[in-house]
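One structure below.
Whatever order the structure lists them in is the order used to number ligands and atoms, beginning at 1.
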Amino acid sequence: MNAREGALKVLYDIEVKKAYSNIALNKELKNKEYTAIDRNFITELTYGTLENLIFIDYVIQQFSTMKLHKMNAWALNLLRLGIYQIFFLDRVPVFAAVNESVNLSKSYCKRASGFINGVLRNIIRNKEKIEMPDKEKNFEEYLTVKYSHPRWMVEMFLEIFSRDFVESLLKANNETPKLHIRVNTLKTSADEIVSLLKEKNIHVEKSEYLPEALVVKGGFSDLEELDIYKQGLLHIQDISSMLVGKILDPKEGQFIIDVCSAPGGKTTHMAQLMHNKGKILARDIHPHKLELIKKNAKRLGINIIRTEKYNGEDLDKDLIETADKVLVDAPCSGLGIIMRKPEIKYRKKPDDTEVITKMQLEILEKASRYVKKGGELLYSTCTIHPQENQKIVQAFLKKHCNFKLVAINKEYESILPGEHKEEMIQLYPNIHGTDGFFIAKLEKK
Ligand SMILES: C[S@@+](CC[C@H](N)C(=O)[O-])C[C@H]1O[C@@H](n2cnc3c(N)ncnc32)[C@H](O)[C@@H]1O
């Protein structure tokens, strides 16, 4: 199996089986035949192709008489892989890109070999003649094709942000995200992890914001295969997600409820901050995802988390005013993590927001009932859409005058990337270099 074939299978699973990119890729990378170079190349080909899909399909449409939706899915993805290499990977000779796609087509879609060969060679000959939409005359279409974001999403962002901001956001969404490690301080220290990783030639730097956070330098993507990962000395988590635990600030001995907790990144971080003393009730609507929390907690040496399947939209009368702190890390549109999961761009629909915001407010309202007087409620999402963020919190506060916003921009200033004038924190990939993430903390009077 070569790297291009691996990438082809992953792209096929994402397109046809609607797999998530990270899950489909991890599954393929588990194939022990791949070298480290292969694994990096498969990752680059998969994410690069996905990130630039609209541009790539725009190119195909200019050179193929057959419509995209009529093409065999293997043939289409072989064309896409070839075009990605021709346009974006300078180090791959263009004819190697064509030959590899044609060779693979012989095993996956034999009848399309001639077609793939013809289209790719034609593209190479006429690459310079491809006309992009005019930036001045049709800014929306220009952004759509150049940065491969669907037109409705571009228009939606332009309604919220300025033109320059949208262009820099779309550009950042196509960049490789930073890889952060959370050191499991229950078992080790940041210094120890830095030196253990150095022995394996993996270079990390301490984060300037959080003592337990490390940033991985270079494109190493295989951390979960390391013994020190399996032994629970570290967890992989973006810095923006780590901020949630830090800002909720749970203490030893407290009772915390996490109403949307799977796969447990924030729950296990909170347990770590509580020195594994106290109680955490970790709920989620999907039972199979609760298993991931148990697995993570076991690996990290945490035993204060109890998992439970529960729909956060339903009120649990037994929990009213029982918790010191409650976390609502709400299901959301995911518009802040396009860098990590490019397929979000193509799967979301314009009218998803209405359904999701109703659910978010419902979950927040129910969760608020579990907070003791004087306790705290944290609402977070991995999106940058104000309707799912500030608007939800404002709607909640309007109805619940027994809650007030905590000024986390002031209280937690030293750990926040960037400057924040508002009490509610919004991080953006193009400004803060993190996932697009929202955090608001409320205190119950
Ligand atoms: C943003 S994710 C949570 C991530 C998690 N806090 C972490 O840090 O690993 C949102 C979670 O909410 C769950 N969810 C969706 N609808 C829900 C509902 N009605 N009640 C409870 N959980 C729900 C999803 O299954 C998903 O695991």
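Look at Glu141 and Arg151 and you find a salt bridge, because one of the NZ, NE, NH1 or NH2 atoms lies within 4.0 Å of a carboxylate O, short of that distance. With respect to the salt-bridge test (charged N to carboxylate O, under 4.0 angstrom), the residues Glu44 and Arg91 qualify.
Taking the ring centre of Tyr20 as origin, the terminal cationic atom of Lys341 falls inside the region bounded by 6.0 Å and 45° from the ring axis. Taking the ring centre of Tyr310 as origin, the terminal cationic atom of Arg283 falls inside the region bounded by 6.0 Å and 45° from the ring axis.
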May I have every N or O pair linking ligand 1 to the protein at under 3.5 Å, one per line with atom names and distance?
unit_1, atom_1, unit_2, atom_2, d
ligand 1, 6 (N), Cys260, O, 3.1
ligand 1, 6 (N), Asp329, OD2, 2.7
ligand 1, 8 (O), Lys266, N, 3.1
ligand 1, 8 (O), Lys266, NZ, 2.9
ligand 1, 9 (O), Pro263, N, 3.4
ligand 1, 9 (O), Gly264, N, 3.1
ligand 1, 9 (O), Gly265, N, 2.9
ligand 1, 19 (N), Asn311, OD1, 2.8
ligand 1, 20 (N), Gly312, N, 2.8
ligand 1, 22 (N), Ile285, N, 3.3
ligand 1, 25 (O), Asp284, OD1, 2.6
ligand 1, 25 (O), Lys289, NZ, 3.1
ligand 1, 27 (O), Ala262, O, 3.1
ligand 1, 27 (O), Asp284, OD2, 2.8
ligand 1, 27 (O), Lys289, NZ, 3.3

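Take Lys146 and apply the side-chain contact (heavy atoms from CB on, under 4.5 Å) test, not counting sequence neighbours, and it matches Met132, Tyr142.
Using modelled atom types, one finds no donor on one side chain facing an acceptor on the other under 3.5 Å when comparing Ser261 with Thr267.
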